[in-house]
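Quick notes on the structure that follows.
What you are looking at is a predicted structure, and each value in this text was computed from that prediction instead of being measured.
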Amino acid sequence: MTKEENEQRLAYLKSIVSRLPEKPGSYQYYDENHTIIYVGKAKNLKSRVSSYFHTEVDRFKTKVLVSKIHDISYTVVNTEEDALLLENSLIKKYNPRYNVLLKDGKTYPSICITNEPFPRIFKTRTINKKWGTYYGPYAHAGAMQTILSLIKELYHPRTCNTPITKEGVAAGKYRVCLDYHIKKCLGPCVGKQTAEDYQKNIQQAREILKGNTREVLREMKEEMLKLSEELRFEEAEEVKRKYITLDGFVSSSEVVSHTINNVDVFSITSEEKMAFINYIHVSNGSINQSFTIEYKKKLNETDEELLQLGIIELRQRFKSDAKEIIVPEEVDVELENVVFTIPQRGDKKKLLDLSIMNGKQYKLDRLKQAEKLNPEQKQTRLMKELQDKLHLPKLPYHIECFDNSNISGSDAVASCVVFKAMKPSKKDYKHFNIKTVEGPDDYASMKEVVHRRYTRLVEEEQPLPDLIIADGGKGQMEVIRQVIQDELDLDIPIAGLAKDDRHRTNELLYGFPPIHVALKTDSELFHVLTHIQDEVHRFAIEFHRNKRSKRALHSELDDIKGIGPKTRDELQNSLKSVKKIREADLETLSNLIGKAKAQIVFEHFHQEP
């Protein structure tokens, strides 16, 4: 597009904006092919749409959107609530490119009560409103299964797929199945249970699925008292059993005071590219619905904007008529006869905290699911997190860590472990025998090893690490810095893992002078860093142990010139000890290893002092 064409486009759009009414409504942006690319809503159409064309707009994504607009249309409505509803329906209908992408969880299961003379109740993932009434969807299958089990225990609805009719029952067309014999069905197909009684049970099941459990309990109590007055004690006992079962379920599911009735709770958990909105509905003190949706951000939408969308979407979806909505922050939207509450304490605050916890858990579950399908995503996330924490110039793909091991200076060794993409690269691990240091001097040993390691890498033109981690605090970091920066003139970031008085790693250090880097000890990144530390410990101690073992197994036979390992092993296997080899005569030794070698061994043990 030429400069002149772009100026004509903007002039045309601004002429439309100048004619917009100052009323609530929804606006739609079109591209050059007259495809809707964005749908928005506004209290004041003229004010909102004109804000997109101000020269001081500084959001890059908004500028990109404006550069694609070739036409604008709008719809005026009476209230802001209507504008929200219209925006929501248009987004779902056209799925515009620059609107947030709603992932609506259509695969979650629901509970269906069929439209039949003798309805069935079952779980399903297929929604077809011609079949029956649907309750849900349920984000947690366990909660759905609990309610289904309760309904089956209370009312024994039929499970067969036979299309039963009243006429067929009267004509004796059907036969009972196994469920009737094991008392899981009351036999409506053969008239053992009347159609009226069956429908009464189904109606109570509907109320339970709606969350109106206390209303069902009240009806049960009234029926129980009535049956008792009529001296129908067996039937009253059966109603009592149902009452106790349902009351137990209500008690376990009630999380707040039962004075809280018909309330919606919304919360948002947001990150850079995604937002998760949790919805909880409370009826008679019990949570009867909990669901989370996720939005993929397109234009750096604010939490308030996304929360508005989520409230409209979820209230529509679950047909909520709650007159009170609990939210974590002020929402600039008005709904007819609805009050917004931001609780600070009490039962409503507990509900809000519960909603926030569910949103965070859903986010964590989605993250784990994505990382399970793509493990590299987790590694990249952890590297990015470490880069941000330490303000590194690039991702720390290649990390090296050092450790020393000795006992009072004897058999002094050191090790270097290498992690690539947050995973151990064992083929790159290195062992070092300390050559220039006498006695237990950890700092001098570390200096020698680091110097040898990176001098060699530079000489061989091998890639240098993106980060060096010192297994220790400020002292070890300073020793490494002296070698890397002062002696070798290399630019490699250096961090340290310091321990507390109980010898447990408790902080990450970085910079010179080193400063403490905030890092939760229960975070994934902290676990990876401590794994690096544990690995370098293990590798160093294993090398040190092997070296000590070889020295402990050193035999006097190893010092005899002309006697190799094979001859040594033959003598030890036959005579079992150096003492017996020393005491053996020349003939015995000759029979074992030959005359020439026997003469060497014999002379070694019998030479003059």
Side-chain angles (χ1 to χ4, degrees), residues 20-29 38-52 59 62 65 74-94 96 98-104 260 262-270 274-282 289-344 348-349 351-352 355-356 358-359:
L20 289 174
E22 297 183 355
K23 292 184 178 180
S26 172
Y27 55 92
Q28 301 87 44
Y29 293 155
Y38 186 76
V39 173
K41 55 91 182 52
K43 287 183 182 179
N44 184 316
L45 280 169
K46 187 169 187 176
S47 174
R48 181 73 185 97
V49 176
S50 63
S51 69
Y52 283 89
R59 289 195 295 186
T62 304
L65 169 63
Y74 63 91
T75 306
V76 177
V77 293
N78 292 319
T79 65
E80 185 187 355
E81 180 179 0
D82 292 337
L84 276 165
L85 293 169
L86 179 58
E87 177 196 35
N88 189 51
S89 62
L90 289 174
I91 288 174
K92 287 194 287 188
K93 180 177 180 180
Y94 294 108
Y98 291 99
N99 278 101
V100 290
L101 175 63
L102 170 64
K103 297 187 176 182
D104 59 2
I260 298 179
N262 198 23
V263 171
D264 285 339
V265 186
F266 290 91
S267 68
I268 182 167
T269 302
S270 186
M274 301 294 297
F276 305 88
I277 296 175
N278 177 260
Y279 165 69
I280 288 177
H281 181 74
V282 181
Q289 188 59 254
S290 177
F291 194 74
T292 303
I293 57 175
E294 59 182 284
Y295 285 112
K296 184 177 180 181
K297 298 179 183 179
K298 297 291 185 69
L299 294 172
N300 297 327
E301 293 82 359
T302 65
D303 286 358
E304 183 185 351
E305 291 172 335
L306 294 172
L307 193 55
Q308 289 177 8
L309 273 176
I311 289 172
I312 297 302
E313 167 65 28
L314 290 164
R315 279 174 64 89
Q316 269 192 332
R317 179 178 302 192
F318 296 106
K319 299 178 177 59
S320 173
D321 59 357
K323 302 304 180 186
E324 181 180 6
I325 298 177
I326 296 173
V327 289
E329 57 190 36
E330 190 172 338
V331 180
D332 187 19
V333 61
E334 293 180 5
L335 302 181
E336 187 177 356
N337 298 324
V338 174
V339 176
F340 286 89
T341 303
I342 306 174
Q344 302 300 319
K348 291 182 180 180
K349 181 63 165 63
L351 274 173
L352 180 59
S355 176
I356 292 172
N358 273 273

- Assess whether side chain to side chain contact (heavy atoms under 4.5 Å, CB included) is satisfied between Ile326 and Val282, documenting all intermediate values. CA-CA 11 Å; Ile326 296 173; Val282 181; over 6 Å; no
- Message: Run Tyr52 and Leu65 through side chain to side chain contact (heavy atoms under 4.5 Å, CB included) and show every step you take.
- Response: CA-CA 9 Å; Tyr52 283 89; Leu65 169 63; 4.0 Å; yes
- Message: Within this structure, what is the CG-CG distance for the pair Asp264 and Leu335, rounded to the nearest 0.5 Å?
- Response: 10.0 Å
- Enter the distance from Ile293:CD1 to Leu306:CG here, rounded to the nearest 0.5 Å. 9.5 Å
- Hey, does the side chain of Arg48 reach the backbone of Pro24 with a donor-acceptor pair shorter than 3.5 angstrom? no
- Item | Nearest heavy-atom neighbours spanning Glu329 and Ile342 | C-CD1, 3.5 Å
- Just say parallel, tilted or perpendicular for the rings of Phe291 and Phe318, cut-offs at 30° and 60°. perpendicular
- Task: Check the side chains of Gln28 and Ser26 for a donor-acceptor pair under 3.5 angstrom, ignoring hydrogens and angles.
- Result: yes
- Note on the structure: Closest heavy-atom pair, Asn99 versus Lys298, reported as atoms and distance to 0.1 Å, is O-CG, 2.9 Å
- To the nearest 0.5 Å, how far apart are CD1 in Ile312 and CG in Leu307? 10.5 Å
- Message: Looking at every non-hydrogen atom in both residues, tell me the closest pair between Ser355 and Phe266 and how far apart they are.
- Response: OG-C, 4.0 Å
- Query: Does NZ belonging to Lys46 count more than 12 external heavy atoms closer than 6.0 Å?
  - Reply: yes
- Please report the closest heavy-atom contact between Val331 and Glu304, naming both atoms and the distance. C-OE2, 4.0 Å
- Message: Check whether Gln308 reaches the backbone of Asp332 with its side chain - one donor and one acceptor, N or O, closer than 3.5 Å.
- Response: yes
- Looking at CG of Asn262 and CD of Glu324, how far apart are the two atoms once the value is rounded to the nearest 0.5 Å? 9.5 Å
- Query: More than 12 foreign heavy atoms under 6.0 Å from CD of Glu334: is that the case here?
  - Reply: no
- Item | Reported NZ-to-CG distance for the pair Lys297 and Asp303, which is rounded to 0.5 angstrom | 5.5 Å
- Task: Check whether the ring centres of Tyr98 and Tyr29 lie less than 6.0 Å apart, and answer yes or no.
- Result: no
- Note on the structure: Taken to the nearest 0.5 Å, the spacing of Tyr295 OH from Leu309 CG works out to 5.0 Å
- Donor-acceptor contact present, side-chain Thr341 to main-chain Pro343, <3.5 Å: no
- Quick one: closest heavy-atom pair of Leu351 and Ile280, and the distance? O-CD1, 4.5 Å
- Message: Between Arg315 and Val338, does the side chain to side chain contact (heavy atoms under 4.5 Å, CB included) criterion hold? Intermediate values first, please.
- Response: CA-CA 12 Å; Arg315 279 174 64 89; Val338 174; 3.8 Å; yes
- Residues Tyr38 and Pro96: closest non-hydrogen pair is N-CB, 3.6 Å
- Item | Verdict with reasoning, Val263 to Lys348, per side chain to side chain contact (heavy atoms under 4.5 Å, CB included) | CA-CA 10 Å; Val263 171; Lys348 291 182 180 180; 5.6 Å; no
- Give a yes or no on whether Tyr94 atom OH has more than 12 heavy-atom contacts from other residues, nucleotides or ligands under 6.0 Å away. no
